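Inspection log for the structure reproduced underneath, given as structure tokens.
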Amino acid sequence: MEESLKLNDREQQILNLVAMGYSNSTIAEELQLSQRTIERNLSQIFDLLNVTKRSEAVMVAQQRSLI
């Protein structure tokens with residue numbers, strides 16, 4: 001079940017930037033997207049990883065070798 005979990009390229013990019021400490025607005029600027037798009041992507045990532053916080057998302061993604 002969890003082993004088949006994969007993040008798409010955009011989700012990986014966003015999580016890597018979150019792991020580097022970037023804010024949503026900085027990520028949006030970096031990826032040339034709206035801040036709202038970043039927020040929606042993060043919500044999807046949180047749902048996929050079954051977490052509620054940025055730090056948890058990074059930790060779980062790293063533990064599962066997703067980023």
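Nothing here was measured: the structure is a model prediction, and the numbers come from that model.
- Linking Ile, Leu, Val, Met, Phe, Trp and Tyr whenever their side-chain heavy atoms come within less than 4.5 Å puts M20 and I67 in one cluster.
- Counting heavy atoms of neighbouring residues, nucleotides and ligands inside a 6.0 Å radius, atom CG of N16 exceeds 12 of them.
- For the pair L17 and L31, the minimum side-chain heavy-atom distance is below 4.5 Å.
- Summarising the geometry, atom CD belonging to Q44 is positioned 11.0 Å from atom CG belonging to L7; distances are rounded to the nearest 0.5 Å.
- In D47, the CG atom is crowded: over 12 heavy atoms of neighbouring residues, nucleotides or ligands sit closer than 6.0 Å.
- The distance from the OG1 atom of T37 to the CD atom of Q32 is 13.0 Å, given to the nearest 0.5 Å.
- Rounding to the nearest 0.5 angstrom, the gap separating the CG atom in N24 from the CG atom in L33 is 11.5 Å.
- The line from CG of N50 to CD1 of I45 is 14.0 Å long, rounded to the nearest 0.5 Å.
- Scanning both residues, L15 and A57, for their nearest heavy atoms gives CD2-CB, 3.9 Å.
- When all heavy atoms are compared, the tightest approach of Y22 to R54 is O-NH2, 2.6 Å.
- L49 has its side chain out of reach of E56: every pair of non-hydrogen atoms, C-beta onward, lies at least 4.5 Å apart.
- Expressed to the nearest 0.5 Å, how far CD1 of I38 lies from CD of Q13 amounts to 9.0 Å.
- A donor-acceptor contact shorter than 3.5 Å links the side chain of E11 to the backbone of N8.
- The CZ atom of R10 sits 6.5 Å away from atom CG of N41, with the distance rounded to the nearest 0.5 Å.
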